[in-house]
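As the structure lists them, so they are numbered: ligands from 1, and atoms in each ligand from 1. All values below were derived from every heavy atom in this structure, side-chain atoms included, with hydrogens, water molecules and symmetry-related copies excluded. Because the structure is a prediction, the values reported are computed rather than measured.
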Amino acid sequence: MNTDEKILVTRSFLPPRKEYDKYLDLIWENHWLTNQGELHNELQEKLQNYLGVKNVTLFTNGHLALDVAIKALGVKGEVITTPFTFASTTHAIIMNGATPVFADIKPSDCTIDEERVEALITDKTSAIVAVHVYGYPCNTSALFDIATRHGLKLIYDAAHVFGVKIDGKPIGTFGDVSMMSFHATKVFHTIEGGALLYADSSLRRSFDLYKNFGITGPETVEAVGLNAKMNEFAAAMGLCNLRYVDGEIEKRHKITDIYREILRDVSGIKIFEDIPGVAHNYAYMPIIIDEKKYGHSRDELFDRLAAKNIFTRKYFYPLTTDYQCFGTEFADAKVDNARYAANHVLTLPLYGELPPEMAENIAKFIRSLC
Ligand SMILES: *Cc1c(COP(=O)(O)O)cnc(C)c1O
């Protein structure tokens, strides 16, 4: 396999230029660029319908949405969470003055191990912040049961699960609130953007407050907030992309099946299969490499592919507990499964426009090294 062109792990979807231009004309006409604009409000409503949740509040990015959720729900003390995630999840907890307590993950799908969660609860615990990983949902019913019995808030980092459903139930309907990211690298994007999804309509006011400096009127500031509003150019991109997201997911599904078909029986390569009852979004194509069986380590495979102009990603690596900024603060966390996954996982190129033949070639190359 020889590719002249660099193949990156993902490539942002862009809608037909003309469709975006139409929205630009509207923005010039309205002369309204941000602060609850017409396009912002339209996207918010369309996403409520598409995602099947009662309430959506839009933000400038997913991270600030999560930050606001943690603030607005009054989370403090200890928060049980996972280290197998992006920097955002752990940082949002710490920046709000709470202490993350790390539970290990399940090797089967890399989501937080609900059995470990319960054992970590103390009288200081106020919340669980769980992460749906690669498009695979957490055990939502077990986590709901634990959170309810112990009176804990349940917040999901749902950045990876746009459009996912469990037995027909939209992913954003689980827990107190879910954060979605609409970053350019996600299945659905608004260039930069994010949202909170929630059932309890009484939360809307505080989310709106926190995302706009705590301002409630021309002369009243009720809370210490931040600036996390989505602008009209981002909302316009979202309105365009929403028309194409079903097609994007369908294409990703086909490409995922090609990878799976070729890699399924390769010794030392674990792939993730569909879960019965789950409508998947094919956000990522992770493989877990057992170097003893496969003959090459994850890092070797990463290098071999990079030499062919195929750029994969060690995602998530390192664990957030192992970040330099934390020193040895979380060295005692018992997160062996998470550390194994972080050291052995590679996500392969996956996006709607990836030519199926390219996925086939990448998979066959990986197989040929065994
Ligand atoms: C992308 C992502 C985020 C952050 O989203 P931004 O919109 O980039 O701020 C948070 N958590 C996870 C798991 C992510 O993948």
Could you tell me which atoms of ligand 1, counted from 1 in the order shown, lie closer than 4.0 angstrom to a heavy atom of [X]?
X: Tyr315; value: 15 (O)
X: Thr85; value: 13 (C)
X: Gly193; value: 7 (O)
X: His63; value: 5 (O), 6 (P), 9 (O)

Check whether Tyr317 forms a cation-pi arrangement with Arg298 (NZ or CZ under 6.0 Å from the six-membered ring centre, at most 45° off the ring normal). yes
Where is the nearest protein heavy atom to [atom]: which residue, which atom, and how far?
atom: atom 5 (O) of ligand 1; value: Ser181 OG, 3.1 Å
atom: atom 3 (C) of ligand 1; value: Phe86 CD2, 3.7 Å
atom: atom 11 (N) of ligand 1; value: Asp157 OD2, 2.7 Å

Verdict with supporting geometry, Tyr294 and Ile287, side chain to side chain contact (heavy atoms under 4.5 Å, CB included): CA-CA 12 Å; Tyr294 180 59; Ile287 58 172; over 6 Å; no
Does either side chain, that of Thr57 or that of Tyr198, offer a donor lying less than 3.5 Å from an acceptor on the other one? yes
Exam field: side chain Asn241 to backbone His189, donor-acceptor pair closer than 3.5 Å: yes
Looking only at N/O atoms, are His183 and ligand 1 under 3.5 Å apart anywhere? no
Is Gly62 in polar range of ligand 1, meaning some N or O pair under 3.5 Å apart? yes
Ignoring hydrogens, just give me the one of Glu192, Met180, His189, Lys186 whose non-hydrogen atom is nearest atom 1 (C) of ligand 1. Lys186
Please check if the number of heavy atoms outside Glu273 that lie under 6.0 Å from its CD is greater than 12. yes
Do the rings of Tyr50 and Phe162 sit parallel, tilted or perpendicular, given the 30° and 60° boundaries? parallel
Which word best sums up how the rings of Phe326 and Tyr323 line up, parallel for under 30°, tilted for 30 to 60°, or perpendicular for over 60°? parallel
